[in-house]
S.K.: 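Take a look at the following structure, please.
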Protein chains: 2
Amino acid sequence: MTATTDHRRARTGPPAAGHRDAAAPAGATLPGVTLWRRVADQIAQAIAVGTYGTGTRLPAETELAAHYGVNRHTVRRALAVLRERGLVRPARGSGTYVEAPRLAYPIGTRTRFSEIVGASGRQAGGRLIAGAQELASIEVARRLGLKPGAPVVRLELMREADGVPLCVATTFLCATRFPGADRVYAARRSMTRTLAQFGIADYRRGATRVTATTVDLGDAARLDVRPDSPILVVDSIDVDADGRPLLTTRTRFAAERVELVLES
Amino acid sequence: MTATTDHRRARTGPPAAGHRDAAAPAGATLPGVTLWRRVADQIAQAIAVGTYGTGTRLPAETELAAHYGVNRHTVRRALAVLRERGLVRPARGSGTYVEAPRLAYPIGTRTRFSEIVGASGRQAGGRLIAGAQELASIEVARRLGLKPGAPVVRLELMREADGVPLCVATTFLCATRFPGADRVYAARRSMTRTLAQFGIADYRRGATRVTATTVDLGDAARLDVRPDSPILVVDSIDVDADGRPLLTTRTRFAAERVELVLES
DNA sequence: TTTTATTTGTCCGTATGTATA
DNA sequence: GTATACATACGGACAAATAAA
């Protein structure tokens, strides 16, 4: 018997307890809302205002409970919400820490990485990890409209903001059309300028697909995230003015640091 | 760097020659590419063709090694790539299983959920988990353009394809403008029809933001995924013809089952 | 419930070809 | 030309988790 079938399994169903918390007493701001929700809002507000700065440790749960005049469990419920939102990160035995706000990353446009990062007042950085010429796998060939085995240039990039790694990206270009693209990129340090070197004045995003997985060990090290961290995987194909594919890229974002903003 | 350009395997020394032509000619298709890459392509192709069906177990690593005439480590290297691509999922002690192909989910358009799922030949399903009127938190109020504490309707939805849960969504609507929206939705079972009931003939996507986190326990149970699974979090605001916010939704997708397709 | 076999995960090592300083 | 580092491929052993007897 096929042992798998995670889904399709006959789930007798968790009752999915719709939390109907007893509306607890007092609390100044929003009467009528559940207490843990009010506490969550207050802590979130404190983080937004800067009372608790990025990277700092929140007061212990017992202290927060005393400060807001609620039970520690109510604080824990509130912190769970903030954790889910990505605002804080609990560390067992150490404390709960304020996460850095996620960088809003516009996608599906022509915007340049350095402009995106610069717009948020941070210093954009990046480097070419590796570049090589190889032969196209079936998958890459299909995306670039080439035959499997055709020569392609592979670029491995890493990009960071204020020295914090944001994403690593693997790009493939047709080696016949862009010979030595890896060396060109190493010199020009920009995809736009690299393509311009080969006479491509304009290009646009042809297709974009977004998924999420857990990080693998190599990317975990390069992105400086814990193993099993979630990452955003963005597969994209850029095409020239005639719609012909120029390059295909798989970008892995550290999900905890980035928020993709889709422009419609 | 030009690695693997001339990767000839005609060695004189060790008698490893008889490997390549056992049962399956792994080398026939793409000479020059690294061996593990060829094996990965072949297995991926076998999955695509249907030789290994969704949910079934792949032959053991030792069997695959024998079948392709390579070492087990080479097979492992190939499987690691497929795992990274989300095609297979290894289970220690049990085997390596073929993942279900991810449902392509267009986003940023007006497409209806049932149409999206139906287009892939699956049966769309869904149900209202919970609906209630409450008071807006700071965050919800900001997104809906209301004052904190204003009455809002909260809808908790779950959506599935062929009985497999795809996502759970939390939607907030202004209770003043849409009184009893939860009961209306329970009857009409569609957001479009619910809004139509209140005289909203047309609405569009105003803003969309995408992140990823690890699933929390409640969603893990409802989505029927393992704890610590990655989920795609899509925050969206829908607006009316005048650009005024109608509703805001946070959708959590089981990342292993969905692939967001951005349309540009 | 215990045992046994199977399968993946993680080490060790060896050999070879390639790229780089 | 030489030395070094790295990637590929193979061989073996054992641990850990799972499934079946």
Side-chain angles (χ1 to χ4, degrees), chain A residues 1-6 9 127-137 149 151-156 170 175 179-183 185-187 213-222 227-228, chain B residues 1-43 47 52 55-99 226-228:
Chain A
M1 141 132 199
T2 54
T4 174
T5 61
D6 278 335
R9 159 156 51 103
R127 64 172 190 274
L128 183 64
I129 297 175
Q133 177 170 332
E134 19 182 271
L135 304 183
S137 70
V152 292
V153 174
R154 180 172 59 85
L155 299 176
E156 209 82 30
T170 306
D182 49 341
R183 286 187 297 275
Y185 186 94
T213 59
T214 47
V215 72
D216 66 73
L217 279 102
D219 284 345
R222 288 188 281 205
D228 295 334
Chain B
M1 294 193 177
T2 59
T4 70
T5 42
D6 209 340
H7 211 257
R8 259 174 246 300
R9 304 188 47 78
R11 290 197 300 268
T12 54
H19 279 167
R20 213 68 55 244
D21 37 27
T29 43
L30 299 177
V33 190
T34 52
L35 191 50
W36 59 265
R37 200 185 276 271
R38 272 177 284 171
V39 174
D41 270 344
Q42 295 223 353
I43 298 175
I47 292 174
Y52 305 129
T56 64
R57 211 200 67 183
L58 286 184
E61 293 171 351
T62 51
E63 298 178 50
L64 287 172
H67 182 259
Y68 290 110
V70 300
N71 188 273
R72 179 177 163 234
H73 295 303
T74 308
V75 170
R76 286 186 57 76
R77 183 78 199 271
L79 288 177
V81 177
L82 303 187
R83 174 182 165 280
E84 197 181 341
R85 268 198 256 165
L87 264 67
V88 301
R89 175 176 49 81
R92 168 146 61 158
S94 175
T96 304
Y97 295 87
V98 179
E99 289 272 42
R226 303 189 311 279
D228 294 336

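Order of the sequence lines sets the chain letters (A, B, ...), proteins ahead of strands, with each chain counted from 1.
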S.K.: Would you check if B:E99 and B:L87 make a side-chain contact, meaning some heavy-atom pair closer than 4.5 Å?
M.R.: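 Not touching, per the 4.5 Å side-chain cut-off.
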
S.K.: Could you tell me the Watson-Crick or G-U partner of D:dT18, where both distances fall under 3.5 Å? Say none if there is no partner.
M.R.: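 Pair assignment: D:dT18 / C:dA5.
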
S.K.: Can you find a side chain N or O atom of B:N71 that sits less than 4.0 Å from OP1 or OP2 on D:dG11?
M.R.: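 Answer yes for this pair, as a side-chain N or O of B:N71 is under 4.0 Å from OP1 or OP2.
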
S.K.: Scan nucleotides 6-13 of chain C against the protein and return all N/O pairs shorter than 3.5 Å with their distances rounded to 0.1 Å.
M.R.:
from  : atom 1 : to    : atom 2 : distance (Å)
C:dT7 : O2     : B:G93 : N      : 3.3
C:dT8 : OP2    : B:E61 : N      : 2.9
C:dG9 : OP2    : B:R76 : NH1    : 3.2
C:dG9 : N7     : B:R72 : NH2    : 2.7
C:dG9 : O6     : B:R72 : NH1    : 3.3

S.K.: Expressed in angstrom and rounded to an integer, what is the separation of A:E156 atom CD from D:dC6 atom C1'?
M.R.: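 That distance rounds to 16 Å.
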
S.K.: Round to the nearest Å and state the distance from A:E134 atom CD to D:dT8 atom C1'.
M.R.: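 So the CD-C1' distance, A:E134 to D:dT8, works out to 13 Å.
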
S.K.: Any ion pair linking B:R38 and B:D41 (charged N to carboxylate O, less than 4.0 Å)?
M.R.: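 No salt bridge links B:D41 with B:R38.
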
S.K.: Using OP1 and OP2 only, check whether a side-chain N or O of B:T34 sits under 4.0 Å from D:dA7.
M.R.: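 For D:dA7, neither OP1 nor OP2 has a side-chain N or O of B:T34 closer than 4.0 Å.
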
S.K.: Using every non-hydrogen atom in the two residues, find where A:L135 and A:V152 come nearest and quote the distance to one decimal.
M.R.: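 It is C-CG2, 4.1 Å.
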
S.K.: Using whole Å, what does the distance between atom C1' of nucleotide D:dA9 and atom OH of B:Y68 come to?
M.R.: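 Value for this atom pair: 18 Å.
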
S.K.: Taking all non-hydrogen atoms of both residues, which atom of B:A78 and which atom of B:V39 are closest, and how far apart?
M.R.: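 Looking at all heavy atoms of both residues, the closest pair is CB-CG1, 3.8 Å.
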
S.K.: According to side-chain contact (heavy atoms from CB on, under 4.5 Å), who are the partners of B:A60, at least two apart in sequence or on a separate chain?
M.R.: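 For B:A60 the side-chain contact (heavy atoms from CB on, under 4.5 Å) partners, ignoring immediate neighbours, are B:T62, B:E63.
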
S.K.: Which pairs, with at least one residue in residues 74-87 of chain B and sequence neighbours excluded, count as a side-chain hydrogen bond (donor to acceptor under 3.5 Å, both in side chains)?
M.R.: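 Matches after skipping sequence neighbours: B:E61-B:R76.
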
